[in-house]
Every structure is written in C-alpha cells, then in structure tokens.
Peer 1: 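I'd like to ask you about the structure that follows.
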Amino acid sequence: MSGSLNPTALVRLLGAWNPGALPAYRELADVVRLLVMDGRIPLDVALPSERALAQTLGLSRTTVTAAYASLREQGFLTTGQGSRGRTCIPHRTGPVSAPGLAVPDGLLDLAYASLPAAGEVVHRAFADALTELPALLPGFGYDAVGVPALREAIADKYTAEGVPTTADQILVTSGAQHALNIVLRTLAGKQDKVLVDHPTYPNALDAIRAAGCRPLPVALPHVREGTSTAWDIDAMITVMNQQHPAMAYLVPDFHNPTGRIMPDLQRRQLVRAAVASGTVLVVDETLRALNPDGVRTSPLSAFSPAVVSIGSLSKSHWAGLRTGWIRADPALIVRFVATRTTMDLGGPVVEQLAAARLVRSFAEPLDARLGELRLNRESLMSLLAEHLPEWEVERPQGGLTVWCRLPTPCSTALTVLAPEFGIRLAAGPRFGVGGAFEHYLRVPYTLPPAQLESAVGALRAAQDKLDASPQLRRTLKTERPAAVA
Ligand SMILES: Cc1ncc(COP(=O)(O)O)c(C=O)c1O
C-alpha cells in the first residue's frame, strides 16, 4: 500500500499533545515509531510535511525536523525523498541497546511461561520407546483414544492420587489445548456461556471464542498478604444459578496467571454447586505438578464423577511432547472421541510410548525442576520488590508466573515498548475479557536468576520511559496479538 497521511489524521492518532519529561522531538519520534510498529500507521505512507505537522501540533518546525531525523536514523522513515519520508520497518530487528542493561543477544521471552525439556529424562524415554515400537508396527497406527499403555499409566496416576480411575476414563490428546477444544466442541453449543476465572489462560479464552461460545468471567478476588480467599465461590454459584453456563473452565491448580491453588473446602463447595446447577466443571490441571511448596489438595475429580479433568505433560516434562489427556466418565469419553476424529485420527505412537514411560515415573524430573523454580521465584520476587517497588506483586503458591498490579493502566504500553529493551511480554488484557487487566502484567519465573535480573532491569527501564511520557501511555492502548503460553 502507498499513500500519504495528512496532518489531521496523524494528530488524531497522536492524541492530545501534552509535553512530558522527554524532549518533545524524542517523544514525537517514539510515538510515531510505536504507531508504525503497532500497525496503526501503515507502511509505505508519506508522513505530513514538517511545516504542516508543526503547525497542526503547535510545535516548532525544528522539533518536527529533529523527530523525523531520529525516525530516519532508526530506520522507520525512508531517506532520500526530500522531507516527505515514507514509513518503513528497519531490517535489523534485534534489541536496541538500553543503557546499563546486560541484555544478551535476542529477546528474553517473558510472554511464554514454559520450561525447557527435562532433557535427559525425556531423551531416555524416547530411546526406550523406540525399543517398544516394533511390537506396534503390525497395527494400522490409528488409535483415536490413545495407546493403551499411556491410558493405563495416566489412569494409575489418578488412582495413586486418590481418584480411582480406569483406562476407559482416559482420552489421550495432543496437549491440553487440544483437549479443551475437544471438550468445548462436545459440551458447549454456539452461543453457550462458559464460566471462566477472570483473569484466565489466554489460549483458553481464544478456544472458547473460536467454538462460538461466550466467556462468562467471574473475578478472582484481590488477595492481600495473609488472606486466604483464593476464589470467590459465592460469585461463581450466583453466576451458575442465574446465567446457567453450559460449562465452567477453571484452572484451580496453580492458576495461570496468578499461581493460586484452590483449597479443598472451596473445591467441595464448587463441585456441589456445579452439579446442582447442571454446569459441567472442566478443570485444567496442566500446572498441578508445579507445586514447589508441597501444598496438599485433592484433584477436583475426587469430589464428583461428573468433573471433566484436562492434563498435560507440557509443564512438568516438556511442551514438545504435545501430549495431554482428558479424564471423564467413560460415556463422555466416547463422545469426546467422536469429536476428536473430526479434527485428527489420533496421536503419534512413539510420543505416546515415551509419554507412558514418563507418566509411570512421573516424579523423576520434578525434584530438580521444583528446586529451580523455588530459586527463580524468590529471585524474581526480590528483584521486583527492589527495582519496581510501586508494583503490587502477588506471591504465587506454585505454577510458573507472578501476576503484578501496575500503578497505572499501562500494561499494553509496556508490552509494545518491551522489545526496545530486549524483552517480550504478554499484556494483561490478553488474560481477560473486554479489555480488562490493563493494570496487570504476568511475569514468568521460568528464566534463571541472571536472566531474570536482566529482565527486571528491562522492565524498570521500560516503566521509566513510560513514566517520563504520558503521551506514550495514552497512545499505546491496544496490544498487537502475540503468541503466549
Ligand atoms: C493453564 C494452561 N492450560 C493449557 C496450557 C497449554 O498446554 P498444552 O501445551 O498441553 O497444550 C497451558 C500452557 O501454558 C496452560 O498454562
């Protein structure tokens, strides 16, 4: 596309101009650059002439000239075409150096909350799986419900946790996200309501919307130091009784993003209310094994056979296994299999054989993994307290992430600025419905302490830049979609 942007259109995008603490030319250059990166100023359009823009903004022509020069220097404006340069993106996309920050090459990824493989354990499981493969090669290789050895291993794991389970209650899936899609397409029709924790896991919200359903958010209460109310069960009961959601998708085990765990008393109350109101409870246990403090709770399925549980090896072992499951009543499993075969005809066999070995010795990699997570969590908590004392940080009981309340609604603005400081973030509104959580940011503690230190330094620098420029905060209201996990 090519064309030109008139001064009035650009001024509308810039919003009311109030000088901040930065020199005006830098602020103007920053805002235009971020509007280009955000896609709100298209590529290959000519910006207004310096004179016209200066007049419309009520700034001096020297200020606009300096802003355009800075944009050219950074590669966001073409050169050599007189004063009316055209918007472009620089070829080199690495992080711009931030003074005083030891940021390694490439972006530190704080948008994903995931760990590398429990390498040796996973590798060995694959090597062993290959020795079992010949016995299965005479078969067709299609098994929409899952390889029996894995279904049995998963069922035995539930039984060992106090929830007697047989293999016909297990459907093996390609991860928890696949599992949720199968459940949604089986249990919830178009326009049906699905109760969700608010905030919740962004990809679950996307799956709910993609299934044509409407997420029905129930706020998690604000938890202060020393309080123990993790979920607002009364609010959930009211919503179930008044709005009759077809299902509820909850993450009671080290909730993503807050890291909370639901106590048994609340589990019992919740299940009783869901059964009474006819809402199917679907609980995502993907993070249940990431229990660094050894908190004891029962799986939600211990309280009623009507609960549908979703699990995965992605966080306990490795997301690259793409192996998860659904545990439900056998009659429901039959319906889930019918839905599954509209999407795919089964999972890859070697992965499932490896997964069966991993599930049989489930705890093997966890000691080391939890030790690292404890260290990372403490490190992140103290770095945040030291460098971002104005952020209110909820201490996670487990899982992989810290949910932070920011002093101003600037989560999207921080996220858009973040790559400039060498980090990638997922903005708070990704975790909510209707633009909520602009006041929040999820920060994972999956990186080792040295990298967390760089990451928090980068967050501080990005926050300082925003604090110095109310103009930037106002301009950056909408996040570009980004992959998160
Ligand atoms: C709560 C929750 N559910 C599901 C997933 C995705 O799991 P999988 O990789 O098994 O699809 C994640 C990943 O971050 C998650 O946090």
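In listed order, ligands and their atoms are each counted from 1. Please read all numbers here as calculations on a predicted model, not as lab measurements.
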Peer 1: I need the nearest protein heavy-atom contact for atom 6 (C) of ligand 1: residue, atom name and distance, please.
Peer 2: Y201 OH, 3.3 Å
Peer 1: Determine, stepwise, if the pair R460 / E390 fulfils salt bridge (charged side-chain N to carboxylate O under 4.0 Å, His left out).
Peer 2: CA-CA 11 Å; R460 176 72 265 168; E390 70 273 37; 3.0 Å; yes
Peer 1: For ligand 1, is any non-hydrogen atom under 4.0 Å from H178's backbone (N, CA, C, O), its side chain (CB onward), both, or neither?
Peer 2: neither
Peer 1: For atom 9 (O) of ligand 1, what's the nearest protein heavy atom and its distance?
Peer 2: S314 OG, 2.7 Å
Peer 1: Assess whether a salt bridge exists between R357 and E132, defined as any Lys/Arg side-chain N lying under 4.0 Å from an Asp/Glu carboxylate O.
Peer 2: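 Judged by the 4.0 Å cut-off on N to carboxylate O distance, R357 and E132 do form a salt bridge.
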Peer 1: For ligand 1, which atoms, with element, lie under 4.0 Å from some heavy atom of Q177?
Peer 2: 11 (O)
Peer 1: How far is atom 3 (N) of ligand 1 from the closest protein heavy atom, and which atom is that?
Peer 2: D284 OD2, 2.6 Å
Peer 1: Going by the side chain to side chain contact (heavy atoms under 4.5 Å, CB included) test, name the single residue among V196, V308, V194, I208 that passes it with M247.
Peer 2: V194
Peer 1: Taking heavy atoms and a distance under 4.0 Å, where does S312 meet ligand 1: side chain, backbone, both or neither?
Peer 2: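 Side chain only.
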Peer 1: Would you call R395-E378 a salt bridge at under 4.0 Å N-O?
Peer 2: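 A salt bridge links R395 with E378.
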Peer 1: Looking only at protein heavy atoms, which one is nearest to atom 7 (O) of ligand 1, and how far off is it?
Peer 2: A176 CB, 3.6 Å
Peer 1: Provide, to 0.1 Å, the distance between atom 16 (O) of ligand 1 and the closest protein heavy atom, together with that atom's residue and name.
Peer 2: N256 ND2, 2.8 Å
Peer 1: Under 4.0 Å from any heavy atom of G175, which atoms of ligand 1 are there?
Peer 2: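 Matching atoms, with element in brackets: 10 (O), 11 (O).
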Peer 1: Under 4.0 Å from ligand 1, counting heavy atoms only, is it the side chain of L287, its backbone, both or neither?
Peer 2: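 Side chain only; the backbone of L287 stays clear of ligand 1.
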Peer 1: With side chain to side chain contact (heavy atoms under 4.5 Å, CB included) as the test, pick out the partner of V239 among L195, T279, D234.
Peer 2: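 For V239, the side chain to side chain contact (heavy atoms under 4.5 Å, CB included) check succeeds only for L195.
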Peer 1: Check for me whether K315 has a heavy atom closer than 4.0 Å to any atom of ligand 1.
Peer 2: yes
Peer 1: Which pair of non-hydrogen atoms, one from A273 and one from M240, has the smallest distance, and what is that distance?
Peer 2: CB-CE, 4.0 Å
Peer 1: Check for a donor-acceptor pair, side chain of T173 on one end and backbone N or O of W325 on the other, with a separation under 3.5 Å.
Peer 2: yes
Peer 1: CZ/F254 to CG/D284 distance, rounded to the nearest 0.5 angstrom?
Peer 2: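 Between F254 CZ and D284 CG, I get 13.5 Å after rounding to 0.5 Å.
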